[in-house]
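Remember, it's 1-based here, ligands and their atoms both numbered in the order they're listed. In this chain, residues are counted from 1 in sequence order.
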Amino acid sequence: MSEPTSLAWFRRDHRLHDNAAFAAACDADRVVPVYCVDPREYGDRPFGGPDSFDFEKTGAHRARFRLESLADLRASLRDRGSDLVVREGRPESVLPEVAAAVDADFVTVHTRPTPEESRVESAVETELRDGGVELRRFWGHTLTHLDGLPMALSDLPDTYTTFRKAVELAAEDAGTGDAAAGDEHASDGDPGGRDPLPEPTVPPLPDDAPDAGDLPAVSDLVGTADANADRAPDDRGVLPFDGGETAALDRVESYIWAGDHLREYKEARNGLLGADYSSKFSPWLNEGCLSPRYVKAEVDRYEDRRVENDSTYWLVFELRWRDFFQFQFAKHGSDCFHREGIRERTDIDWRRDDAQFERWAAGKTGIPFVDANMRELNATGYMSNRGRQNAASFLANDLRLDWRRGAAYFETRLVDYDPASNYGNWAYIAGVGNDSRERSFDVRWQANRYDEDAEYVKTWLPELDALPAEYAHEPWKLSGAEQASYGVELGVDYPEPMVDFSD
Ligand SMILES: Cc1cc2nc3c(=O)[nH]c(=O)nc-3n(C[C@H](O)[C@H](O)[C@H](O)COP(=O)(O)OP(=O)(O)OC[C@H]3O[C@@H](n4cnc5c(N)ncnc54)[C@H](O)[C@@H]3O)c2cc1C
């Protein structure tokens, strides 16, 4: 009888630590790690559904980050005598071919709750089944395991606070919380759910494995219109964001331990400039280079060794927000992408105005706080949480432009894009999400509160450098004579505001 053979299908879980799917694949004697560059994840795509529009699925920032993550994963696997087989093509075509070539018995993968990802999994499962190969699914991208939820998915609260309290209570009762008895998504039983899993012993790549293949270049994946493709990192950016598990673990080490930033995270997290006002873990979490359970274990260790305070609690509180959106999408499915949202609100008159949308996207609204944030996003792929809230609220609540176009623009640009976190937050701010409270932001008030001396705005809008802070946030208040004396002419050096904020 031949030795059991598995394929480890990597898909936004580009790590060896705490990787339940890969650990299960490594139970076989022969393991072939595979990654599919799915053409559906790149290029211009229709949003789908009524009032669809086209947008680029993945921009240069995330494409670069992903390719670096894959290169890092491949290097780690090679160090262990294995490799990462990379193929361009749809997983439902590629995986059955590779499985047949090495006579695989099963394929492991981390499942995702969002509709596009689920559809691909189902297609893969069907094609594999036809060839007598089993797809084994694991749940591994949240802090609380799906099976560790203290309620059925259909009973999941639609407000965060109710969800959080229930999960925190269950965590206390369980001692560590975030536990799962097993994994329904794994037919052979997932040991995961409690503490992060150790890295498995990786079997060497079988001799009959196909050629590893080359990783594509960024320019193979993103449109030529994406001017950022080959740009060096902007030195105003918060971090260079190197992709991969190695850089992810380095960031945890430097943020939590060397920098000791969990002493003040709760107070600092509304910052706008610099590497350390918040953890910046999001790109690594979303591309799967970093496990949220690993982060939680590091926070626990920090509490044991250094200090337990509001900040240590708050980082986990934020990770639970991330979980909340994942489970919301598991519960509500494609409704989360509807313009009317899960609350089916039909009372909002969403507008379409391409010229206004382009001004917002380019950071040329004439509202400096919005523009600075959009320019940071365009140049670096990152924007602070404070910035995202304001930029999104301006589009959805002040301009009343279809919030899904804004969300889709973020999807293209963000280095840390995740469907549930992105569309969930956007829907929430647009008032169609999981909270009936008014979520509109007063961007002028926010600018003065969070960028008091206008340092952030001037970093990204150097044309406003000569202005005192008050005017840098509200240049429409400048008289003609003041414009002349500061050398900033509205409509020439910086745009006139798109909305009338004079009161
Ligand atoms: C309109 C809008 C769109 C967003 N799109 C995304 C997205 O595509 N991907 C994404 O990861 N986050 C998104 N967020 C949430 C949040 O802005 C980012 O997670 C955060 O800014 C990342 O920086 P950080 O890692 O330093 O966060 P920290 O403050 O250090 O938080 C730690 C981690 O908690 C999680 N987290 C924090 N806040 C949220 C939140 N509101 N929702 C979900 N998770 C959260 C993230 O995983 C983050 O890495 C969005 C927020 C808004 C308002």
Would you check whether [X] has a nitrogen or oxygen atom less than 3.5 angstrom from a nitrogen or oxygen atom of ligand 1?
{"X": "Ser279", "result": "yes"}
{"X": "Ser384", "result": "no"}
{"X": "Arg269", "result": "no"}
{"X": "Trp426", "result": "no"}
{"X": "Trp321", "result": "no"}
{"X": "Tyr417", "result": "no"}

Sole residue of Glu303, Glu168, Glu308, Lys266 in side chain to side chain donor-acceptor pair (under 3.5 Å) with Tyr313: Glu168
If we count only N and O atoms by modelled type, under 3.5 Å, do the side chains of [X] and [Y] hold a donor and an acceptor together?
{"X": "Asn390", "Y": "Tyr450", "answer": "no"}
{"X": "Lys280", "Y": "Ser278", "answer": "yes"}
{"X": "Ser254", "Y": "Trp257", "answer": "no"}
{"X": "Glu56", "Y": "Tyr42", "answer": "no"}

Considering the heavy atoms of [X], write down every atom of ligand 1 situated less than 4.0 Å from one of them.
{"X": "Asp418", "answer": "7 (C), 8 (O), 9 (N)"}
{"X": "Ala392", "answer": "1 (C)"}
{"X": "Ile429", "answer": "53 (C)"}
{"X": "Arg322", "answer": "43 (C), 44 (N), 47 (O)"}
{"X": "Phe325", "answer": "42 (N), 43 (C)"}
{"X": "Ser282", "answer": "11 (O), 22 (C), 23 (O), 25 (O), 49 (O)"}
{"X": "Tyr382", "answer": "21 (O), 22 (C), 23 (O), 24 (P), 26 (O)"}
{"X": "Asn286", "answer": "9 (N), 10 (C), 11 (O)"}

Within a 6.0 Å radius of atom CG on Asp349, are there more than 12 heavy atoms belonging to other residues, nucleotides or ligands? no
Just to confirm my output: which protein heavy-atom neighbour is closest to [atom], and how far is it?
{"atom": "atom 41 (N) of ligand 1", "value": "Asn425 OD1, 3.2 Å"}
{"atom": "atom 3 (C) of ligand 1", "value": "Asn422 OD1, 3.5 Å"}
{"atom": "atom 24 (P) of ligand 1", "value": "Lys280 N, 3.5 Å"}
{"atom": "atom 31 (O) of ligand 1", "value": "Tyr265 OH, 3.4 Å"}
{"atom": "atom 45 (C) of ligand 1", "value": "Glu318 O, 3.8 Å"}
{"atom": "atom 9 (N) of ligand 1", "value": "Asp416 O, 2.9 Å"}
{"atom": "atom 21 (O) of ligand 1", "value": "Asn385 N, 3.5 Å"}
{"atom": "atom 33 (C) of ligand 1", "value": "Leu319 CD2, 4.0 Å"}

Would Arg388 pass as a cation-pi partner of Tyr382, given that its NZ or CZ must be under 6.0 Å from the six-membered ring centre and within 45 degrees of the axis? yes
Report the relative orientation of the aromatic rings in [X] and [Y]; use parallel for angles under 30°, tilted for 30 to 60°, perpendicular for over 60°.
{"X": "Tyr265", "Y": "Tyr255", "result": "perpendicular"}
{"X": "Tyr456", "Y": "Phe369", "result": "perpendicular"}
{"X": "Phe357", "Y": "Tyr409", "result": "perpendicular"}

Can you tell me which residue among Leu464, Leu272, Asp371 is in a side-chain contact (heavy atoms from CB on, under 4.5 Å) with Val457? Leu464
Under 4.0 Å, heavy-atom basis, I'd like to know which part of Leu285 is in contact with ligand 1: side chain, backbone, both or neither. side chain
Would you kindly specify which portion of Phe324 sits under 4.0 Å from ligand 1, judged on non-hydrogen atoms: side chain, backbone, both or neither? neither
Heavy-atom nearest option to atom 6 (C) of ligand 1, drawn from Glu411, Arg251, Arg388, Gln389: Arg388
Pair Tyr35 + His14: ring centers closer than 6.0 Å: yes
Passing candidate, salt bridge (Lys or Arg N to Asp or Glu O under 4.0 Å) with Arg11, options Glu116, Glu121, Glu41, Glu117: Glu121
Walk me through whether Tyr160 and Phe317 qualify under ring-ring contact (aromatic ring centres under 6.0 Å, His included). CA-CA 10 Å; Tyr160 174 65; Phe317 175 101; 5.4 Å; yes
Applying salt bridge (Lys or Arg N to Asp or Glu O under 4.0 Å) to Glu287 and Arg66, what does each step give before you reach the verdict? CA-CA 7 Å; Glu287 212 56 33; Arg66 178 170 297 163; 2.5 Å; yes
